[in-house]
Asks: 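Quick one: structure below, then a few questions.
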Amino acid sequence: MLPKMASARRISVSLLVLLLSLHPIVDAFYLPGTFMHTYEPGEEIAAKVNSLTSIETELPFSYYSLPYCKPPEGVKKSAENLGEVLMGDQIDNSPYRFHVNVNESVYLCTTDPFTKEQAELLKNRARNLYQVNMILDNLPVMRFTEQNGMTIQWTGYPVGYNPMGSSEDYVINHLKFRVLVHPYQAQGDVVVTSEDGVAMVESDRKSGFQVVGFEVVPCSVKRDPAAMAKLKMYEKVDSVSCPLELEKSQVIRENERITFTYEVEYVKSNIMWPSRWDAYLKIDGAKVHWFSIMNSMMVVFFLAGIVFVIFLRTVRRDLTRYEEMDKEAQAQMNEELSGWKLVVGDVFREPCCSKLLCVMVADGVQITGMAVVTIVFAALGFLSPASRGMLLTGMIILYLFLGIISGYVGVRVWRTIKQSSEGWKSVAWLTSCFFPGIVFIILTVLNSILWGKKSTGALPISLFFTLLALWFCISVPLTLIGGLLGTRAASIEFPVRTNQIPREIPERKFPSWLLVLGAGTLPFGTLFIELFFILSSIWLGRFYYVFGFLFIVLFLLVIVCGEVSLVLTYMHLCVEDWKWWWKAFFASGSVAFYVFLYSINYLVFDLRSLSGPVSVTLYLGYSLIMALAIMLSTGAIGFLLSFYFIHYLFSSVKID
């Protein structure tokens, strides 16, 4: 044994010495999800275009659904991951070409005379505030506007605009790009990862320029279409300034021909390539995030104090007094029991709809596991915003493979309630189909609406079959395997016997469900501020990357949910209400009700630009899915903690 340990130690030391000896010749860094590209002067970079988006309609459309210039090689779609497709992204090539460190002003094309339908469509897109989302070297284009003396940063640029006091609409047909580049000098080997996450080592990296910023000033410029049509694509034209007079801007009308041009200016920047996303990921209102956390901490400490009183001053005192009595005194006390001790023969009685309860708890555990792992990886920087759609893709993959955990939990709870394994297969099947089935039905309805509007947000039929295949080929089998493991795990025995005749629950002035519903306000108080930033990210097209804050809020939310459910369960038992199972679930799960109400409040007061019944239906549909997921997750946390609390409580009581 000793020679083997010595040999292993020598090997470890040798490897360490080898790695240290390589240090002087290797200068490396690692940034997940990105690929550093160094361009030579004059090298061509092709820009790409994503779907047109609007905060007014939330219906994305293809860039080439409008009469824009097309690239000479034809329109080609870029490969997209699952998350990008689900988010409605459609990334295509574009006619815009950039030559590194070469300032130029370029002609693209002149359209044919607009038909009535084309003119109306372009006007409609402009009035609905649609944005063009362009990408250069994986960086979204950025623009700046001045409002009330403040500089506001936006991603994308508008399709057109309608000036106040004017009945005409004007198109953005001239773009003034500003590309920030950082001079790079090669130094040894560099460890990088491509955008699909594959790590690689680049030796003898060339010197040149790295793109670290991409900005645009959109203009509407009226040109002579007859003269401009004689030019060929990419011929040089004179640089122009953005006109302030409407007479010099390009109006959108039937039979109008529009000329598209652009100019590029390169500016050297001190921004390093690993920091180029900082401009997009600026944390607005960091103090607000800290206030949210402090607010949550106050709720946690308040509830922790109540739990402390329940455990140490009430429950523990009663149990200590009871254990110190002799048998005669215990028998006499049994006849004089009050509060939670009176329901000892009913507290573990099977609840109504017990199978549904097991399924909802299991799905909640699966969703919670997915959320925790995703947020941890995002907080550690493994889900870079440069990898579009990877966050959603990662969540789906995690949910599929965590099916084994949900199957195990669902069947384990079922066995505990029934005290047998009979019927476990139906529990596992329902667990694998309950939440995904509801989401699939809602998405099908919403997708039918998007199909009718010919939006790129509509999922193609092929993706529907892909999702079904993933569901039934990965999630369902893993859930059944988890259920099988649950049948073989050690059973949880009830510490007391259940009476044959259920005890009557005393009448109360107010229904118990009113207290359960009100309990959801405490968990909601821990997350509503962070919820505002998340909704703004989803519906206003802002980047959300403060996953460190989100992880802290999630941790506090789990604690608050457990404490709220535990306190309410104890309160119900004290008034001889032994039907605690569902109330423990909804004591913390009722936070979803307030989340959905807040979503409606956000729609009315913060998304006032959102217009049309289609957009509102989409918003409410996605909000309903979010609220359902939060209900299952928080409900499962509260139920499991309450169960273990009650099991511990009655395990300490020796009442026959």
Side-chain angles (χ1 to χ4, degrees), residues 344 346-373 376 397-437 471-498 558-559 561-562 565-566 569 578 580-586 588-589 629 631-653:
V344 66
D346 298 276
V347 70
F348 291 109
R349 188 178 301 281
E350 180 182 346
C352 64
C353 305
S354 56
K355 185 174 290 187
L356 178 61
L357 177 64
C358 297
V359 168
M360 293 176 70
V361 170
D363 279 338
V365 170
Q366 188 176 5
I367 294 168
T368 304
M370 175 197 70
V372 170
V373 176
V376 167
I397 293 173
L398 279 171
Y399 183 84
L400 292 174
F401 283 95
L402 287 173
I404 191 169
I405 304 296
S406 67
Y408 176 85
V409 172
V411 171
R412 193 85 191 277
V413 174
W414 173 255
R415 283 185 63 204
T416 302
I417 294 175
K418 290 288 187 178
Q419 293 293 294
S420 75
S421 299
E422 186 178 354
W424 73 270
K425 292 181 181 178
S426 62
V427 173
W429 268 105
L430 286 172
T431 298
S432 64
C433 297
F434 179 73
F435 178 68
W471 181 8
F472 285 103
C473 295
I474 297 179
S475 183
V476 173
L478 286 176
T479 306
L480 292 173
I481 292 172
L484 181 62
L485 295 175
T487 61
R488 297 181 178 180
S491 60
I492 301 174
E493 301 292 337
F494 291 147
V496 293
R497 291 198 301 267
T498 301
V558 170
I559 295 176
C561 286
S565 186
L566 190 150
T569 300
W578 47 267
W580 62 271
W581 303 81
W582 280 106
K583 291 167 186 173
F585 183 91
F586 283 111
S588 52
M631 181 194 73
L632 294 175
S633 176
T634 55
I637 293 167
F639 171 82
L640 292 175
L641 188 63
S642 295
F643 175 80
Y644 283 109
F645 165 70
I646 290 178
H647 192 276
Y648 165 78
L649 181 62
F650 286 92
S651 296
S652 306
V653 179

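Here, residue 1 is the first one in the sequence, and each next residue gets the next number. The figures here come from the full heavy-atom set of this structure, side chains too, leaving out hydrogens, waters and symmetry mates. Keep in mind that what you see is a predicted model, and the values were worked out from it rather than measured.
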Asks: Report the residues that fulfil side-chain contact (heavy atoms from CB on, under 4.5 Å) with L400, sequence neighbours left out, ordered by chain and then residue number.
Replies: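 Applying side-chain contact (heavy atoms from CB on, under 4.5 Å) to L400 gives I396, L470, I474, S475.
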
Asks: How would you list, by chain and number, every residue that makes a ring-ring contact (aromatic ring centres under 6.0 Å, His included) with F472, sequence neighbours excluded?
Replies: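 Per chain and number, F472 pairs via ring-ring contact (aromatic ring centres under 6.0 Å, His included) with no residue.
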
Asks: Would you please test T569 and K583 for side-chain hydrogen bond (donor to acceptor under 3.5 Å, both in side chains) and show each step?
Replies: CA-CA 7 Å; T569 300; K583 291 167 186 173; over 6 Å; no

Asks: Please report whether the ring centroid of F639 lies less than 6.0 Å from that of F585.
Replies: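 For F585 and F639, the ring centres are not under 6.0 Å apart.
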
Asks: Would you please name every residue forming a side-chain contact (heavy atoms from CB on, under 4.5 Å) with C473, sequence neighbours left out?
Replies: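 C473 satisfies side-chain contact (heavy atoms from CB on, under 4.5 Å) with no residue once adjacent residues are dropped.
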
Asks: Between I492 and Y644, is any pair of side-chain heavy atoms under 4.5 Å apart?
Replies: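 When only atoms from C-beta onward are counted, Y644 and I492 do touch, with a gap below 4.5 Å.
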
Asks: Which residues pass the salt bridge (charged side-chain N to carboxylate O under 4.0 Å, His left out) test with E350, sequence neighbours left out?
Replies: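 Here the qualifying residues are K418.
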
Asks: Please name all residues satisfying side-chain hydrogen bond (donor to acceptor under 3.5 Å, both in side chains) with S491, sequence neighbours left out, ordered by chain then number.
Replies: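 side-chain hydrogen bond (donor to acceptor under 3.5 Å, both in side chains) check on S491 returns E493.
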
Asks: For Q366 and I405, indicate whether the former's side chain and the latter's backbone hold a donor-acceptor pair under 3.5 Å.
Replies: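 Checking the backbone N and O of I405 against the side chain of Q366, no donor-acceptor pair under 3.5 Å is found.
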
Asks: For W582, which residues count as a ring-ring contact (aromatic ring centres under 6.0 Å, His included) partner, sequence neighbours excluded?
Replies: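 W582: ring-ring contact (aromatic ring centres under 6.0 Å, His included) contacts with F586.
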
Asks: Could you pull out the closest heavy-atom pair between W580 and V347, with the gap in Å?
Replies: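 Minimum heavy-atom contact is NE1-O, 2.7 Å.
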
Asks: Do Y399 and D363 touch side chain to side chain, with heavy atoms closer than 4.5 Å?
Replies: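 The answer is yes, as the side chains (C-beta and beyond) meet within the 4.5 Å cut-off.
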
Asks: Considering residues at least two apart in sequence or located in another chain, which fulfil the side-chain hydrogen bond (donor to acceptor under 3.5 Å, both in side chains) criterion with S565?
Replies: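 Scan of S565 (side-chain hydrogen bond (donor to acceptor under 3.5 Å, both in side chains), adjacent residues dropped) gives S642.
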
Asks: With sequence neighbours left out, what residues match S633 under side-chain contact (heavy atoms from CB on, under 4.5 Å)?
Replies: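 S633: side-chain contact (heavy atoms from CB on, under 4.5 Å) contacts with I367, T368, I637.
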
Asks: If the condition is side-chain hydrogen bond (donor to acceptor under 3.5 Å, both in side chains), which residues does T634 pass it with, not counting sequence neighbours?
Replies: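 T634 satisfies side-chain hydrogen bond (donor to acceptor under 3.5 Å, both in side chains) with no other residue.
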
Asks: Throw together a table of side-chain donor-acceptor distances under 3.5 angstrom for residues 410-417, partners on residues two or more places apart or in other chains.
Replies:
{"from": "R412", "atom 1": "NE", "to": "A490", "atom 2": "O", "distance (Å)": "3.1"}
{"from": "R412", "atom 1": "NH1", "to": "Y408", "atom 2": "OH", "distance (Å)": "3.0"}
{"from": "R412", "atom 1": "NH2", "to": "A490", "atom 2": "O", "distance (Å)": "2.4"}
{"from": "W414", "atom 1": "NE1", "to": "E422", "atom 2": "O", "distance (Å)": "2.8"}
{"from": "R415", "atom 1": "NE", "to": "S421", "atom 2": "OG", "distance (Å)": "3.1"}
{"from": "R415", "atom 1": "NH1", "to": "G486", "atom 2": "O", "distance (Å)": "2.9"}
{"from": "R415", "atom 1": "NH1", "to": "T487", "atom 2": "O", "distance (Å)": "3.1"}
{"from": "R415", "atom 1": "NH1", "to": "A489", "atom 2": "O", "distance (Å)": "2.6"}
{"from": "T416", "atom 1": "OG1", "to": "R412", "atom 2": "O", "distance (Å)": "2.8"}

Asks: Which residues satisfy the side-chain contact (heavy atoms from CB on, under 4.5 Å) test with S432, sequence neighbours excluded?
Replies: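 By the side-chain contact (heavy atoms from CB on, under 4.5 Å) rule, S432 matches W429, V476, T479.
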
